[in-house]
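Read through the structure below, which is laid out as structure tokens, and then see the notes.
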Amino acid sequence: MKKISVIFLTMCVLLNVMSLDFAFAESINAGDRVKTAFLKKLSSTDSENDFISTDFEIIDDFSDVIPDLYKEVTISKSEDIYVDGYAGCYVDNNKLIICVTDDTIRYHSCENRENVIYRQVENSMNDLIEIQKEVGNKYESLYGQYKSGTEEYKLLHSLQGSDSSVVDNVVYVYIKDLTVEKEKLYRNLIEDDERIVLVETDGENIEDTSYRPGRSIYAIKSYEGSSFTYSKMSMGYRAKKVLTNGQLIKGYLTCAHGVLQRATDNVYSNSSCTNQMGIIYSVIHYGAVDASFIKCLTGDGIGVKVQFNETGGTGTDQIEPGVIDENLAIGNTVYKVGCVTYKTSSVVSSLTHAVYLNGVQFGFLVKTTTLFDNQGDSGGIVYTYKNSLNRPCGIVMGHYTGPLNIGSYSFFCEASRINEVMSLVMY
């Protein structure tokens, strides 16, 4: 039979090897030489190394007992909380190894099962997962605080992810191009815990992207026999909604006025309306908000790089994930990306602009000094560039054209107001 290593088995067969759920994390290439050195250290100092073999044939996967064991040790699967003393399990050399922090612990689900071995370790699963959460929380709180080019900025942008290793009973943190200096800075800035092993990687997380902010969106307005009419809009920033039952809905914003008259709740990426790219989940068209939240289809992803540059070529501006600019001020430069006029810019002239459209009053919109959009750009992402970061601040609503007295200008809805009214959070 095919030979397989325990490290491969740890990652692919069972198990409680927990990882942060980074939103764009696709894959992580761990630095094998660093990890190997750590495992060699284990083998030379840990008398329980007999539980970790390097080569064996798979005969028993313990599929008859592991589900019952998981039920017995799990308090909350959604929150990753386990009973005290449980430290995970793994299959090695045709044995089910159950890790516990107290050698008197035994589980009923495994009482009459052969080839079950209990291994005493220092850290429980709750301990390891808590370390992971602390690392992730520190990462989120520090990200965006440091200017581009600083050592702190370089470190935070080289962090790739983490794993709670059941076999090694430690937390691995993956860092791109790890150096001695980076390790020292990590220990000082983020977490100095001997249970954390830093692992060098030369890869990086790749975002699974189907669509980019600023691209075109189409919605069918009405059918006329075998033909139909459609409205054309642009994609705004990505966001998510967490329902009361814990369900997570990921999607993106566009304008509301483009979908008020619609024949279906589907939106499409092409004018022939054959390639569906989402479902209209909620629409708000009053007050300070003209926005539709579009639910992504399964398998689709929204990128962080915008669709266009100034000339209509592929955009390179990368939107900072997970945040918005809530501190717009008069005089700030703002950038817009839409499918008609592509990337343009203007300057904020008012934060309390009111617009009257079709009998509806909209207030507290952001007004710009010049025109920076056209029909079809509605819903497109608007963002600022501060401290070397592009942060979304709204979506395009419309524009006014008229040279007399006040000239031509654009106006958009603030992201902070949209998110509050629609109960959305960034990711």
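Bear in mind the structure is a predicted one, so any value in this text is a computation, not a measurement.
Residues Glu420 and Arg417 are not paired through a salt bridge, judged by the lack of any N-O separation under 4.0 Å between the basic side chain and the carboxylate.
With 3.5 Å as the limit, one finds a donor-acceptor pair spanning the side chains of Asn309 and Thr311. Checked by atom type, the side-chain pair Arg215/Tyr252 shows no donor-acceptor distance below 3.5 Å. A side-chain donor from one of Gln276 and Asn266 sits under 3.5 Å from a side-chain acceptor of the other. For the residue pair His399/Ser408, the side-chain donor-acceptor check at 3.5 Å is not satisfied. A donor-acceptor contact under 3.5 angstrom links the side chains of Asn275 and Ser269, judged on distance only. For the residue pair Thr229/Ser222, the side-chain donor-acceptor check at 3.5 Å is satisfied.
Applying the salt bridge (Lys or Arg N to Asp or Glu O under 4.0 Å) test to residues at least two apart or on different chains, the pairs with a partner in residues 331-360 are Glu310-Lys343, Asp317-Lys343, Lys336-Asp377. Screening residues 185-194 for side chain to side chain donor-acceptor pair (under 3.5 Å) gives Asp193-Arg195 as the qualifying pairs, with residues at least two apart or on separate chains. For residues 360-391, the ring pair (Phe, Tyr, Trp, His ring centres under 6.0 Å) pairs, not counting sequence neighbours, are His285-Phe362, Tyr335-Tyr383. Residue pairs meeting the salt bridge (Lys or Arg N to Asp or Glu O under 4.0 Å) criterion with at least one partner in residues 286-298, sequence neighbours excluded, are absent.
With sequence neighbours left out, the salt bridge (Lys or Arg N to Asp or Glu O under 4.0 Å) criterion links Lys138 to no other residue. Scanning for salt bridge (Lys or Arg N to Asp or Glu O under 4.0 Å) contacts around Lys184 gives an empty result, with sequence neighbours left out. Not a single side-chain hydrogen bond (donor to acceptor under 3.5 Å, both in side chains) links Glu122 to another residue, sequence neighbours left out. For Asp265, the salt bridge (Lys or Arg N to Asp or Glu O under 4.0 Å) test picks out Arg262, with sequence neighbours left out. Partners of Tyr230 according to the ring pair (Phe, Tyr, Trp, His ring centres under 6.0 Å) rule, which considers only residues two or more places apart in sequence or in another chain, are Tyr218. Every residue meeting the side-chain contact (heavy atoms from CB on, under 4.5 Å) condition with Tyr342, not counting sequence neighbours, appears here in chain and number order: Phe308. With sequence neighbours excluded, no residue forms a ring pair (Phe, Tyr, Trp, His ring centres under 6.0 Å) with Tyr268.
One distance of note links CD of Glu134 with CD1 of Ile196; it measures 8.0 Å at 0.5 Å rounding. Atom CD1 in Ile217 sits 6.5 Å away from atom CD1 in Ile294 (nearest 0.5 Å).
At least one cation-pi condition fails for Lys241 and Tyr281: the charged atom is not both under 6.0 angstrom from the six-membered ring centre and inside a 45 degree cone around its axis.
Looking at every heavy atom in both residues, Ala291 comes nearest to Ala256 through N-CB, 3.4 Å. The heavy-atom pair separating Pro392 from Ala415 by the smallest distance is O-CB, 4.4 Å. Pairing each heavy atom of Leu96 with each of Phe62, the nearest pair is N-CZ, 3.3 Å.
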Please tabulate, for side-chain N and O atoms in residues 321-333, each donor-acceptor pair with protein atoms closer than 3.5 Å (sequence neighbours left out).
{"from": "Asp325", "atom 1": "OD1", "to": "Asn327", "atom 2": "N", "distance (Å)": "2.9"}
{"from": "Asp325", "atom 1": "OD2", "to": "Thr384", "atom 2": "OG1", "distance (Å)": "2.7"}
{"from": "Asp325", "atom 1": "OD2", "to": "Lys386", "atom 2": "NZ", "distance (Å)": "2.9"}
{"from": "Asn332", "atom 1": "OD1", "to": "Ala329", "atom 2": "N", "distance (Å)": "2.8"}
{"from": "Asn332", "atom 1": "OD1", "to": "Lys386", "atom 2": "NZ", "distance (Å)": "3.1"}

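Within a 6.0 Å sphere centred on CD of Gln375, heavy atoms belonging to other residues, nucleotides or ligands number 12 at most. In the displayed structure, Phe228 atom CZ is contacted under 6.0 Å by more than 12 heavy atoms of other residues, nucleotides or ligands. Few gaps surround CG on Asn270; more than 12 heavy atoms of other groups in view lie less than 6.0 Å from it.
Aromatic ring pairs are classed by plane angle as parallel below 30°, tilted from 30° to 60° and perpendicular above 60°; the pair Tyr86 and Tyr82 is tilted.
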